[in-house]
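Just below is one structure, and these are the notes that go with it.
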Amino acid sequence: IITHILFIQVIFFSLPKSVFSSIENGDANIVLITIDTLRADHLSCYGYERETSPHIDKIAEMGFIFNNAIAPSSWTSPSMVSLFTSVYPINHGVVHGFVKDKKIVNQEVFSDQLVTLTEMLQSRGYTTFGVASNLHLCEEFGFARGFDYFKCLSFNSAPFVNKTLDSWEEKIKQSDKFFLWLHYFDPHHYFRPRVPWIAEYTSMELTQKLKLYRKPMNELWSLIPQFQEDPQTLSNLIALYDSEINFVDSHIEEVIKKYDFDKDVLLVITSDHGEAFLDHGMIDHGQCLYGETVNVPLIVKLPHQQKGKTVDQPVSLLDVMPTILTVLDIPYPEQVRGEPLLTQDGQVSVLPDRFLYSELEKGNRNMRAIFSKEWKYVHNCKGVIEKLYDWVKYVLKDEGRSKFSYAGHAEGLYNRKQDPQEQVNLINEEGSLRSKLTEQLFTWMNAAKRYPPSQIEVTPSQEIQEKLKALGY
């Protein structure tokens with residue numbers, strides 16, 4: 001008997017403190033996993049024909065899977081600021097950012113008037129950890145606010161994220177309660193052929209012949225005519241992307257198993273934006289507001305939850321912050337524009353009908369999309385002269401990004417239930433509805449409270465500069 005008691009005591013005291021956390025008293029540990037460039041319809045738990053995400057699927061089977069989650073933009077920085085502050089890009093003002101002369105320029109730093117999810121949790125006694133494998137999410141742009149431990153890994157792949165997490169293992173176990181954010185860069189371009197999965201999806205001979213995994217994004221844009229003419233070539237590009245999803249899924253499994261994040265942790269898995277593969281004549285992201293770039297996965301698993309539930313109501317990444325805080329019974333700040341998707345007792349919230357929005361102001365884009373349950377309207381906010389200028393550039397260009405990305409400027413009205421792929425533009429048939437949605441969109445834009453951002457320039461190291469160049473930035 002004494003031997004059994006000693007054995008039980010050893011097991012009891014060897015478990016991490018997270019095992020004994022309680023959601024009832026607001027002490028549940030929280031893990032937020034964001035996966036760069038992951039479109040929802042390429043996850044097997046969202047109905048994709050390939051088994052790209054078996055380990056994420058297991059979490060989805062035990063948690064809430066939101067089938068209709070919308071990113072507030074189609075590229076990283078604005079979407080991630082919105083996730084952490086629960087305000088739209090029009091509110092926080094982080095809408096630009098690119099690389100010029102080996103510097104990251106024109107990217108705004110969101111206002112310190114905005115309280116982040118991390119700061120809220122830190123003020124409640126949470127020890128906070130963050131790993132961001134995307135240079136747009138670095139400390140200089142405000143993403144380290146509220147983190148006790150933070151590291152930006154530039155554009156490194158999943159193993160480096162997990163290695164950084166492991167360096168904090170003892171600190172995490174010693175925390176009374178913790179918040180952990182992991183941002184994985186995979187499956188962002190470059191799309192590498194990840195084994196063993198790539199062999200299941202395409203011919204290795206074709207992969208080596210095309211070498212699409214070595215081509216910068218600008219070269220891929222120039223190959224669009226080939227993608228259009230040869231479905232096998234496009235299929236190979238998509239296979240590379242899908243193998244990257246498997247790759248990051250396997251590393252997420254590694255973390256979840258090692259730290260028991262599938263048990264007594266409030267776990268959220270989502271993405272900042274998707275990726276286009278000629279769905280509307282374009283590749284890449286940050287070029288348009290079509291569904292392939294703004295429809296993202298959102299999975300929420302409560303501590304000890306074992307039975308999953310599918311939720312079809314439209315939701316936004318802005319809802320992540322109020323959802324986490326509501327489940328923990330923590331009041332959220334007045335700035336919040338999202339809604340809690342779950343109640344404190346773990347039930348799906350009954351939300352009133354509402355409009356959701358997505359925005360794109362990067363480069364020469366000035367697009368806004370408004371979503372209702374049934375409809376989506378994409379509006380080009382440019383004036384007549386600007387639209388004419390874009391059209392002239394389109395006509396004069398023979399190939400490349402400027403030519404093929406022109407479709408991203410197009411206005412469109414889509415029935416989301418009857419046409420989820422957004423292939424039938426009803427903008428000319430539904431003039432009255434278009435007018436109503438335009439009026440609602442401009443009412444929202446005019447009423448939006450602005451939190452003025454600031455701007456800085458960040459000069460990356462030589463190693464990071466080479467990575468940026470290779471990525472096509």
Side-chain angles (χ1 to χ4, degrees), residues 18 21-34 59-60 62-72 79-88 91-92 114-128 130 145-147 176-181 261-271 296-357 373 449:
S18 62
S21 61
S22 170
I23 199 168
E24 286 80 8
N25 60 17
D27 286 344
N29 295 318
I30 308 152
V31 177
L32 170 64
I33 297 176
T34 53
I59 300 299
M62 296 186 289
F64 298 92
I65 181 167
F66 293 88
N67 281 335
N68 197 357
I70 300 164
S79 280
M80 292 306 297
V81 176
S82 291
L83 186 152
F84 275 102
T85 62
S86 191
V87 300
Y88 281 103
N91 305 117
H92 61 63
L114 290 167
V115 181
T116 67
L117 169 64
T118 314
E119 289 172 317
M120 290 291 298
L121 295 172
Q122 187 185 52
S123 70
R124 291 298 179 118
Y126 278 83
T127 305
T128 52
R145 292 179 193 171
F147 281 103
D176 290 330
K177 53 185 179 181
F178 66 83
F179 167 62
L180 170 67
W181 170 41
F261 288 160
D262 58 341
K263 295 178 181 174
D264 68 332
V265 168
L266 172 52
L267 176 60
V268 179
I269 300 176
T270 189
S271 174
V296 294
L298 178 59
I299 299 165
V300 181
K301 183 190 174 299
L302 299 176
H304 306 296
Q305 184 181 359
Q306 296 296 321
K307 187 177 181 181
K309 184 177 178 62
T310 299
V311 183
D312 291 325
Q313 65 185 4
V315 302
S316 169
L317 290 188
L318 274 72
D319 300 328
V320 170
M321 178 178 181
T323 298
I324 291 174
L325 296 179
T326 295
V327 169
L328 298 175
D329 195 25
I330 299 176
Y332 44 82
E334 185 180 349
Q335 74 194 35
V336 167
R337 295 293 179 265
E339 296 285 349
L341 303 180
L342 302 174
T343 63
Q344 191 187 353
D345 60 355
Q347 302 300 312
V348 177
S349 300
V350 179
L351 300 177
D353 289 344
R354 58 176 175 157
F355 292 106
L356 300 176
Y357 304 89
K373 278 187 176 181
K449 181 177 180 179

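Residue numbers start at 1 and run along the sequence shown.
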key: Working for side chain to side chain contact (heavy atoms under 4.5 Å, CB included), residues Arg124 and Asp27   = CA-CA 9 Å; Arg124 291 298 179 118; Asp27 286 344; over 6 Å; no

request  = Give the intermediate values and the outcome of side chain to side chain contact (heavy atoms under 4.5 Å, CB included) for residues Val315 and Thr323.
outcome  = CA-CA 11 Å; Val315 302; Thr323 298; over 6 Å; no

request  = Just do the side chain to side chain contact (heavy atoms under 4.5 Å, CB included) check on Leu325 and Val336 with the steps written out, would you?
outcome  = CA-CA 11 Å; Leu325 296 179; Val336 167; 5.8 Å; no

ask   = side chain to side chain contact (heavy atoms under 4.5 Å, CB included) between Leu318 and Leu356: does it pass, once the steps are laid out?
value = CA-CA 10 Å; Leu318 274 72; Leu356 300 176; over 6 Å; no

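Interatomic distance, CZ of Arg145 versus OG1 of Thr118, reported as 11.0 Å (0.5 Å rounding). Taken from CG in Leu180 to CG in Leu267, the straight-line distance is 10.0 Å, to the nearest 0.5 Å. Taking NE2 from His92 and NZ from Lys449, the interatomic distance works out to 15.0 Å, rounded to the nearest 0.5 Å. Considering OG of Ser86 and CD1 of Ile324, their distance stands at 11.0 Å, rounded to 0.5 Å. Rounding to the nearest 0.5 Å gives a distance of 8.0 Å between CD1 of Ile59 and CD1 of Ile33. Atoms OG1 and CG, on Thr116 and Leu121 in that order, are 8.5 Å from each other to the nearest 0.5 Å.
Here the closest heavy-atom approach between residue Val115 and residue Glu119 is recorded as CA-OE1, 3.5 Å. Between Met321 and Phe84 the shortest heavy-atom distance is SD-O, 3.5 Å. In this structure, Tyr126 and Ala28 approach most closely via the heavy-atom pair OH-O, 2.6 Å. Listed here is the closest heavy atom pair of Ile65 and Ala60: CD1-CB, 4.2 Å. Considering every non-hydrogen atom in both Pro322 and Tyr332, the closest pair reads CB-CE2, 3.8 Å.
Counting only distance, with no hydrogens or angles, the side chain of Thr128 and the backbone of Gln122 share no donor-acceptor pair below 3.5 Å. A donor-acceptor contact shorter than 3.5 Å links the side chain of Ser82 to the backbone of Val87. Side-chain atoms of Asp319 never come within 3.5 Å of backbone atoms of Gly338 as a donor-acceptor pair (strictly under, hydrogens ignored). Although no hydrogens or angles enter the test, the distance criterion places no donor-acceptor pair under 3.5 Å between the side chain of Tyr357 and the main chain of Tyr88. A distance-only check finds a donor-acceptor pair linking the side chain of Ser123 to the backbone of Met120 [under 3.5 Å]. At least one donor-acceptor pair under 3.5 Å links the side chain of Gln305 to the backbone N or O of Lys307. In terms of modelled atom types and a separation under 3.5 Å, the side chain of Gln335 and the main chain of Leu114 share no donor-acceptor contact. A donor-acceptor contact shorter than 3.5 Å links the side chain of Ser349 to the backbone of Leu342.
Ionic pairing of Asp262 and Lys301 is not present here: no N-O contact between side-chain nitrogen and carboxylate oxygen is shorter than 4.0 angstrom.
When side chains are defined from C-beta on, Phe64 counts as touching Leu302, because their heavy atoms get closer than 4.5 Å. Phe66 places a side-chain heavy atom less than 4.5 Å from the side chain of Leu341. At a threshold of 4.5 Å between non-hydrogen side-chain atoms, the residues Asn68 and Asp312 do not count as touching. Inter-residue side-chain proximity for Leu298 and Val311 is flagged as unmet; no heavy-atom pair is nearer than 4.5 Å.
Taking the six-membered ring for Trp and thresholds of 30 and 60 degrees, Phe178 and Phe261 have ring planes inclined between 30 and 60 degrees apart.
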